[in-house]
2 protein chains.
Amino acid sequence: MISKTLERRSGIAIWRQIADELRNEIATNVSVQNNRLPSETTLAKRFEVNRHTVRAALNALAKEGIVESRQGQGTFVRARKRISYPIGKRTRFSDGIGNQVQTTRGRLLNLSIDQATPEIASALYITPSSKVICLKTLSDADDMPLSRSTSWFCAKRFPDIGTAYQTTGSITKALTQCGIADYLRQSTEIEAHHATMADTEYLQLSPGAIVLVTQAINSDMEGNPIQFSTTRFAADRVSLAIINA
Amino acid sequence: MISKTLERRSGIAIWRQIADELRNEIATNVSVQNNRLPSETTLAKRFEVNRHTVRAALNALAKEGIVESRQGQGTFVRARKRISYPIGKRTRFSDGIGNQVQTTRGRLLNLSIDQATPEIASALYITPSSKVICLKTLSDADDMPLSRSTSWFCAKRFPDIGTAYQTTGSITKALTQCGIADYLRQSTEIEAHHATMADTEYLQLSPGAIVLVTQAINSDMEGNPIQFSTTRFAADRVSLAIINA
DNA sequence: GTATATTTGTTCGTATGTATT
DNA sequence: AAATACATACGAACAAATATA
């Protein structure tokens, strides 16, 4: 007999479904006593599967660095904190997570000059099909990829944003070089999706992993939008903190 | 030869990895022309898999209601909008999504009186181990489950919050009955996780699905926290909109 | 209208991976 | 460790519906 909630034919192997469930419970400290998971036989009974299957799940979690099994003792969780990424009027990447990690780094993956799509044009208050500069970047925290972004800027207003980013490795600093001393986050839209193939490659994720996708508009102090961007975070490495200042 | 980014032996069937990728591309309108997906044979060539495998992926997306295949014509995407859930100082469930759906409904799943854990106590500014009322609720939009919440209230201050919710089906109305005419969202923390077994059951999700998890604190107009809650949204049905008013 | 190409739908068989006993 | 059952993936062919020249 099989637990009702474990689905076969779902395209997700049973051991992986158990791994996902345990990862969740570890994150919320359910069924974890003294940093120790229940024994393999206990888990096998609970999920109504063979012990082999539980071992496959624990093996996967061990590879992710979440748990550690010690012969004769049991399976223990290894403490790992998510990086808290604050989102508010004054959202900035490096400042926001700066006190939680040692190093942050931004790399330019790609730069292109495109025609503004209707969506981008309406976000930036420019006429459709006017030129925009598109920056694809990858951000690391402590040499672990955290997020990848695609940002659009009005090409007329910020012709040198690309080189400015490349030399500084930071959007905020690049905007400063382009004459924007300060800016504000106008809106943020958040969704969660399964990782695409590009995500698994750039963010070093495994298939089935989750990305938090944000769409944001930043504007200058006069309220004119200057940047439209979508950012894809490795969901298991961050939590987004909304600040209602 | 196999595409590098499609991982075998990962515990996720290839057809499901392709389904995840296509779901993403449909959401961002990549590789969709005139509402039509590329043919099965071209997709099979692109992913370097057999056409059967592509068909399994499309079949899964059809079951989710995302695409529709018509013999001789092709596979078409069915328009479906996510419900936008605004998060700001004045976040309220029914008000926020009221103009996007016909009906909203809240049901009480469970009520219990517990000792406050350290986390809950510090969130509600009460002494640890004092009594709190715990409400587990399920919210529908147009008879489709959208989110499930667990909320904690100080039992001393809101002894009747449970019955008030049960009669009104709304936290806002229940708080009104308990003497809170108005309240503000103080903080919101957002994470994304794989659906747990309880999620798949209550929110009618399939294994491997995603939930957006928010932790929020609401406070009265004097700034005293009155409600601490965690909400789990079916990620494919909502997008969270952050308002920096 | 007819022939042809395109596209989805179906049925065999075979090999490999997954889960249980 | 080995045997068994089931799920997943591939390959080749053919049928049925539609589109196009």
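Please read all numbers here as calculations on a predicted model, not as lab measurements. In the text below, chain A, chain B and the rest are named by the order of the sequence lines, each starting its count at 1.
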Do A:T196 and B:E21 pair up side chain to side chain, a donor and an acceptor below 3.5 Å, judged on atom types alone?
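Note: A:T196 and B:E21 side chains miss the donor-acceptor criterion.
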Side-chain donor-acceptor contact under 3.5 Å, A:S39 with A:T41
yes
Rounded to whole Å, how long is the line connecting atom [atom1] of [X] with atom [atom2] of [N]?
X     : N      : atom1 : atom2 : value
B:Q71 : D:dA15 : CD    : P     : 13 Å
B:Q73 : D:dA17 : CD    : P     : 12 Å
B:R16 : D:dA7  : CZ    : C1'   : 14 Å
A:Q17 : D:dA7  : CD    : P     : 13 Å
B:I18 : D:dT8  : CD1   : P     : 14 Å
B:R70 : C:dG9  : CZ    : C1'   : 15 Å
A:L6  : D:dA7  : CG    : P     : 14 Å
A:N50 : D:dA3  : CG    : C1'   : 14 Å

Look at the side-chain N and O atoms of B:T41 and state whether any lies under 4.0 Å from the OP1 or OP2 oxygen of C:dT6.
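B:T41 to C:dT6 OP1/OP2: no side-chain N or O under 4.0 Å.
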Please tell me if B:T53 has a side-chain N or O lying less than 4.0 Å from either OP1 or OP2 of D:dT8.
no
Minimum side-chain heavy-atom gap B:I97-B:T104 below 4.5 Å:
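The answer is yes, as the side chains (C-beta and beyond) meet within the 4.5 Å cut-off.
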Considering only NZ, NE, NH1 and NH2 on the basic side and carboxylate oxygens on the acidic side, decide whether B:D140 and B:R107 come within less than 4.0 Å.
yes
Quick test of your reading of the model: are B:R46 and B:E25 salt-bridged, counting only N-O distances below 4.0 Å?
yes
With A:R148, the side-chain hydrogen bond (donor to acceptor under 3.5 Å, both in side chains) member among A:T231, A:T230, A:T137, A:D199
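The passing option is A:D199.
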Any-strand Watson-Crick or G-U partner of D:dA16, both distances under 3.5 Å:
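The base-pairing partner of D:dA16, which may sit in any strand shown, is C:dT7.
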Opposite nucleotide pairing with C:dG1, Watson-Crick or G-U, both atom distances under 3.5 Å
none
Please write out each protein N/O paired with an N/O of nucleotides 10-18 of chain C under 3.5 Å, distance rounded to 0.1 Å.
residue	atom	partner	partner atom	Å
C:dT11	O4	B:H52	NE2	3.1

Residues, nucleotides or ligands: over 12 heavy atoms within 6.0 Å of A:R70 CZ:
yes
